Amino acid sequence: MLLYHGSNVVVEIPEIRVPNRNLDFVMGFYTTTNIEQAQSFSEIVCNRRGGKKVISLYEFDYENAVGTLGVKAFEKADSEWFDFVCEKRMGK
């Protein structure tokens, strides 16, 4: 599975850091399977912080990660996904 991360810097090795601002899911490293979404986010980051748009690409072994990382995956942005996002934004 290919994952994209939009930013203003190249991120060769993703790290989960304690955020210094409110994020959708608090701590985490945000990726998407949608390159257009990553490009859009990269543009937002550059507008806020400067720099040039960068899309970092990762090959993610989903099948092996599910058992070891406790991955929560959604097939689509349905009501279950929406409820999850809302709960995380409320700090639950």
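Fair warning: this is a prediction, and the values are worked out from it, not measured in the lab.
- Under the rule for a side chain to side chain contact (heavy atoms under 4.5 Å, CB included), the partners of Val11 that lie at least two apart in sequence or sit in another chain are His5, Val9, Phe29, Ser56, Tyr58.
- Here Thr31 contributes atom OG1 and Phe60 contributes atom CZ; the two are 7.5 Å apart, rounded to the nearest 0.5 Å.
- Cluster partners of Val54, by chain and number: Val10. The rule joins Ile, Leu, Val, Met, Phe, Trp and Tyr whenever side-chain heavy atoms lie under 4.5 Å apart.
- Smallest separation of non-hydrogen atoms from Ser7 and Ser42: O-OG, 2.7 Å.
- In this structure, Tyr4 shares a hydrophobic cluster with Leu2, Ile35, Ile55, Leu57, the cluster being traced through Ile, Leu, Val, Met, Phe, Trp and Tyr side chains under 4.5 angstrom apart.
- A side-chain donor-acceptor contact under 3.5 Å links Asn8 to the backbone of Gly50.
- With sequence neighbours left out, Glu87 forms a side chain to side chain donor-acceptor pair (under 3.5 Å) with no residue at all.
- Heavy-atom neighbours of Phe74 CZ from other residues, nucleotides or ligands within 6.0 Å: above the threshold of 12.
- Applying the side chain to side chain donor-acceptor pair (under 3.5 Å) criterion to Ser40, with sequence neighbours excluded, gives no partner residue.
- Residue pairs meeting the salt bridge (charged side-chain N to carboxylate O under 4.0 Å, His left out) criterion with at least one partner in residues 53-69, sequence neighbours excluded, are Glu43-Lys53.
- Considering OG1 of Thr33 and CD of Gln37, their distance stands at 7.5 Å, rounded to 0.5 Å.
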